[in-house]
Number of protein chains: 2
Amino acid sequence: MLKNRNCIIRLSRYKNALYRLNALGFVRVFSDNLADAAGVTASAVRKDFSLFGISGNKKAGYQIEELLEKLNSILGKDKVQKVIVAGCGNLASALIKYKGFEKEGIKIVAGFDIDPAKHNRSNNVPVLPLEELKGFVRNQGIKIGIIAVPEAAAGQVAETMFKNGIKGIVNFAPIRLKAPEDCVVNYVNLEHELENLVYFVNALSKTKKKI
Amino acid sequence: MLKNRNCIIRLSRYKNALYRLNALGFVRVFSDNLADAAGVTASAVRKDFSLFGISGNKKAGYQIEELLEKLNSILGKDKVQKVIVAGCGNLASALIKYKGFEKEGIKIVAGFDIDPAKHNRSNNVPVLPLEELKGFVRNQGIKIGIIAVPEAAAGQVAETMFKNGIKGIVNFAPIRLKAPEDCVVNYVNLEHELENLVYFVNALSKTKKKI
DNA sequence: TAGATTGTTAATCGATTAACAATC
DNA sequence: TAGATTGTTAATCGATTAACAATC
């Protein structure tokens, strides 16, 4: 019953592709249009939809608007998601300033840092002392956190987050985190992405074959 | 013969874990120590090593230093990797300022942007006009690029990169890119990571079961 | 109707895990 | 030797793809 990560990531891709198709004036799509637009196979599209009980019309495909509503509902886009960031270095600043989250209903409501020089309560998105994370998360009922602190601090911060009600973390620190059973951690490791690329670029240049 | 992405990502994880173990004074590891440290199974560790012809000693495990050398060689860490960034917004600035890449042999050598206000040739990492990307990549023989431009510009930029010798791209723009057969694109979509988290947090809170 | 597309089942593919013989 | 660990093969697991009957 619980779907796998890739499947849900594909739903996000469908959603984005549908917005683009919609903007181009399309009203309906067939599974193979959407497959092209999202970079997957038509089989995968129909399988994923079937998994969530989304049905179209044989011969008439899917209504884009209706489809978007269903995907948005599955992905929890019907309400604004409040998110906090721990560690207010360059990366966190970029995330806080990024305009793209807003239109997707993702709102970074506060940052936390140990460095007093970074604190600023009057900001649009306030930067608060790390000790206040606990109370803030509890009071506001925050469920999602981003970890952008150095490796050495990540474990502690994660523990504090989980203890106070955070259920999901996007972790940019290059270290595995211990998470309670009912919580999720998604890892983003930019260094590993680049390292990975280097490997495959070298491998492909050696083999001269397609993947 | 060509290994899969997850396998190579695990090699990066082993490498990082080994550095930590090394720093703690360990000289040897067994597959199950390393598995714990990297967050995988002992079977996976031995399987991965076997895939690359890395062997240890029955009963004595693996020499950490020797292992690190081999992993670093596989991952292309024996030489500095020069990387460029297209789009010098907040995210790119954060990447350029990030200190962690250097010790891993990853060097961002230039940024490119269409906005003249961002240009700066005298910076440690210069920010140049986007039109100069082509010549720069060719002259310097750059193989790896990062795309941090808006969605609408990403396709064009990728095409320019590939045409001029870039073989691998980390793409932060929320759109699929067309890539030549002998090139690779790794996608990082922060919005989808958060969206994904929201889905699983909601799903887990409904089921109250472990994954 | 003929043609095209969905929805679902079955087949395939590949990655992960388990198991265990070899051996230090 | 007895015990523990590797290296590899086989089994399992799950995700993706293909195929096709149902049907608009």
Side-chain angles (χ1 to χ4, degrees), chain A residues 1-14 17-18 21 26-64 66-67 70-71 74 176 187 196 199-200 203 209-211, chain B residues 1-14 17-18 21 26-64 66-67 70-71 74 176 187 196 199-200 203 209-211:
Chain A
M1 195 57 206
L2 205 53
K3 313 305 184 302
N4 83 83
R5 179 188 147 90
N6 286 352
C7 172
I8 307 303
I9 290 285
R10 281 197 299 271
L11 297 192
S12 289
R13 302 236 294 263
Y14 301 149
L18 287 167
L21 291 169
F26 288 90
V27 174
R28 293 188 313 216
V29 266
F30 299 122
S31 57
D32 66 336
N33 303 140
L34 189 51
D36 286 347
V40 303
T41 65
S43 263
V45 172
R46 297 200 299 276
K47 189 67 189 280
D48 288 338
F49 287 176
S50 152
L51 236 44
F52 286 95
I54 295 175
S55 56
N57 305 301
K58 300 190 196 239
K59 190 88 176 64
Y62 306 82
Q63 288 282 125
I64 290 183
E66 195 188 320
L67 200 46
K70 285 178 182 167
L71 291 176
I74 293 165
R176 296 279 117 182
Y187 295 87
N196 194 263
Y199 172 84
F200 282 104
K209 288 191 306 186
K210 60 174 159 169
I211 304 182
Chain B
M1 195 56 206
L2 204 55
K3 312 307 182 302
N4 83 83
R5 178 186 148 91
N6 286 353
C7 172
I8 307 302
I9 289 284
R10 282 197 299 271
L11 297 193
S12 290
R13 303 237 293 264
Y14 300 149
L18 287 167
L21 291 170
F26 288 89
V27 174
R28 294 188 311 214
V29 265
F30 298 122
S31 57
D32 66 334
N33 303 142
L34 190 50
D36 286 345
V40 303
T41 64
S43 263
V45 172
R46 296 200 300 273
K47 189 65 188 280
D48 288 337
F49 288 177
S50 152
L51 236 44
F52 286 95
I54 294 174
S55 56
N57 305 302
K58 301 191 194 239
K59 192 87 175 69
Y62 306 83
Q63 288 282 127
I64 289 182
E66 195 187 319
L67 200 45
K70 285 179 181 166
L71 291 175
I74 292 166
R176 295 279 117 180
Y187 294 87
N196 193 263
Y199 172 83
F200 282 104
K209 288 190 307 187
K210 60 174 160 171
I211 305 183

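A, B, ... follow the sequence lines: proteins, then strands. Residue 1 opens every chain.
Between C:dT9, C:dC20, C:dT5, one nucleotide has an atom nearer to the side chain of B:Arg46 than all others, and that is C:dC20. Side chain of A:Lys47, nearest nucleotide from D:dT6, C:dT8, C:dA4: C:dT8.
For B:Asn57, no side-chain nitrogen or oxygen approaches OP1 or OP2 of D:dT5 to under 4.0 Å. Here A:Ser31 does not reach the OP1 or OP2 of C:dT5: none of its side-chain N or O atoms lies under 4.0 Å away.
On a pure distance criterion of 3.5 Å, a polar donor-acceptor pair joins the side chain of A:Lys58 and the base of C:dT6.
The residue among A:Gly61 and B:Val40 whose nearest nucleotide of DNA chain C is located toward the 5' end is A:Gly61.
A cation-pi contact, defined as under 6.0 Å to the ring centre and within 45° of the axis, links A:Lys3 to A:Phe52.
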- Which string of ( ) [ ] | and . matches DNA chain C, if you list each base 5' to 3' and count Watson-Crick or G-U pairs only when both distances are under 3.5 Å? ..||||||||||||||||||||||
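Panel note: side chain A:Arg13, backbone A:Ala38; a donor-acceptor pair is recorded below 3.5 Å.
Within 4.0 Å of A:Phe49, counting heavy atoms only, lies no atom of the nucleic acid at all. Among the heavy atoms of the strands lying under 4.0 Å from A:Ser43 is at least one base atom, whether or not backbone atoms are also near. Using a 4.0 Å heavy-atom criterion, one finds that A:Arg10 contacts the sugar-phosphate atoms exclusively. Residue-level contact check: A:Asp32 touches neither bases nor backbone, having no heavy atom under 4.0 Å from any strand.
In terms of heavy-atom proximity, A:Tyr199 sits nearest to B:Ile74 at CD1-O, 3.4 Å.
Residues forming a side chain to side chain donor-acceptor pair (under 3.5 Å) with A:Asn196 (at least two apart in sequence, or on another chain): none.
For residues 33-48 of chain B, the side chain to side chain donor-acceptor pair (under 3.5 Å) pairs, not counting sequence neighbours, are B:Arg10-B:Asp48, B:Tyr14-B:Asp48, B:Ser31-B:Arg46.
One can place CZ of A:Phe30 at 17 Å from P of C:dG3, the figure rounded to the nearest angstrom.
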